[in-house]
Amino acid sequence: MALARRPRARRCLGIDAGTQSLTALVIDPLERRVVARSHVDYDSELAAFGTRGGQLPADDPRLGLAPPMLWIEALDLALTRLAGDPEADLQRVDAVAVSAQQHGTVYLNRNAQSALGALGDLDPRRPLAAQLGAILSRPVAPIWTDSTTADECAQIRTQLGGTARVCALTGSDVCERFPSPQIRRFANHEPGPWAETSSVALVSSFLTSLLIGRIAPIDHGDGSGTGLMDVRRRRWSRAAVIATSKDLRDRLPALVPSSTVVGELVAYFRKFGLGPARVVAGTGDNGSSLVGVGAVEPGELTISLGTSDTLFGIESDFVPDPGGLGHVFIAPTGDYMRLLCFRNGSLAREAVRDAYRLDWPGFGRAVEATPPGNRGRFMVPWFAPESVPRAAAGPLRFGGLTSEDVAGNCRAVLEAQFLRMRVHAARAHGGIELAGSKPVRVTGGGSRNRSILQVIADVLGRPVERAETPDGAALGAALRALHVTAGGKQTEWRDTVRGFIPVTAGRIEPRVDVSVYDQLVCDYASAERAAAQGG
Ligand code: XUL
């Protein structure tokens, strides 16, 4: 008699398509750990696309464009690597979810629906991107780093009755990087390709479409970062859609709650050993990170140190920022999520590190060689155009800081990044509470660097906690997949994340009294205000 085989425990796969790299990881819900991970760096590993920092080089620093085919190749490569890792055991995966950089728009043509539908018939020996055919009406996608759309923002904002009204409707002001001004610009500047566009996807819904073999809906989380959604009613806003383009409504996919199973993994992915797993709606990287660091309840603050630096947390109430610099998005838990996004994150840190030819340990030693408060020397770190506040590129030094001072600049770029969080958290929404004794969770590539974490703790006067994995967004995607397959109830979030996020590992206490920074916060705020006004 054949012995009945014990079913092996299921696993979940999370995929995060970030600005500069794609990470895929597999979690084991019984062992409550990440069992396998693969990572693809766009610039160095898919060099044929010619990206720098994940976007196409351009003379105009305001341009932020990326080729969508790059993300498909990165997905293929990351899964190929996981398939070769016995620890991943992809056959056991029964649920998948995508996380992706927010706000990027992908323009699909009329062939897209049928090409996606035929994914199951593709030759598994050949790469996906090479076989998909022409599915794009625009070969490039504007991504969140783009700030070319100030005119379109002003036009849409005026049509919707000004910043405060737009914020009350969509949760955010009309921002240069958001889909609404980007779509308006594309429709007006390139009417031919716009006429060929049958559907507009976001990066998260685009990659999810490939997984399920049809155009995927957009989840409430990423929808709330489009400038097109009535955030309280959780549906496309007719007024915002029309203010963007009169031909847009038919090109928008449906909006669904983040915890919706949107389809089943198509046969193409069997080549990696994956079976017919359930695919959960894709969402943005910040919402995914919120889950990935376990900050699933109000009062828990997270800082994500990625290409952008973001500060966010869950809120029960909808409290838009009438000043228009902060955002109210929808979190994967279905709650509201307040967020501030600073464009000059890792690129500013890397610009300083590279200017002085340092590696990260050397950068860390330079920071340690200078006292907290930097003897009053500071920087406004706008190496690229900034989003909070909106400002053109051009870093500025104050308090006697010179460009020759290596250690002073290393400390100054970090202190500036967290001083500005103090300044703008206090201004946005009537205040994100930054003071407190509860640790702030830190994720993203920068969270690997202990000297950065120490500066955060000192400047905010609050302990910080680093999650074990810096891949908060990819882990969050895997946990979202797990949450849905485990029943998907609102109350189960705490249980879903339990065990995956060590709460004491990597805790760092402030080393100085927070008052060291009180004067510097004021000096920074005035210097930044003057600089933003062109002073
Ligand atoms: C958030 C934002 C960035 C991107 C980066 O509004 O624009 O954090 O999501 O991936």
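The figures that follow rest on heavy atoms only: side chains count, while hydrogens, waters and symmetry mates do not. Only a predicted model underlies this, so the values are computations on that prediction, with no experimental measurement involved. Note that ligands are numbered from 1 as they come in the structure, with each ligand's atoms numbered from 1 the same way.
A tilted orientation is assigned to the rings of Phe329 and Phe178, their planes being inclined by 30° to 60°.
With sequence neighbours excluded, the residues that form a side chain to side chain donor-acceptor pair (under 3.5 Å) with Tyr107 are Thr105. Partners of Arg251 under the salt bridge (Lys or Arg N to Asp or Glu O under 4.0 Å) rule, at least two apart in sequence or in another chain, do not exist in this structure.
Side-chain atoms of Tyr336 do not come within 3.5 Å of backbone N or O of Ser316 as any donor-acceptor pair.
Under 4.0 Å is where a charged nitrogen must lie from a carboxylate oxygen, and between Glu386 and Arg420 at least one such pair does.
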Are there any N/O pairs under 3.5 Å between ligand 1 and the protein, and if so, what are their distances?
from	atom 1	to	atom 2	distance (Å)
ligand 1	6 (O)	His103	NE2	2.7
ligand 1	6 (O)	Arg177	NH2	2.8
ligand 1	7 (O)	His103	NE2	3.2
ligand 1	7 (O)	Arg177	NE	2.9
ligand 1	8 (O)	Asn286	ND2	3.0
ligand 1	8 (O)	Ser308	OG	2.8
ligand 1	9 (O)	Gln102	N	3.1
ligand 1	9 (O)	Asp285	OD1	2.8
ligand 1	9 (O)	Asn286	ND2	3.4
ligand 1	10 (O)	Asp285	OD2	2.4

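Within the structure, side chain to side chain donor-acceptor pair (under 3.5 Å) contacts touching residues 284-297 (residues at least two apart or in different chains) are Ser99-Ser288, Gln102-Asn286, Asn286-Thr310, Glu297-Arg494.
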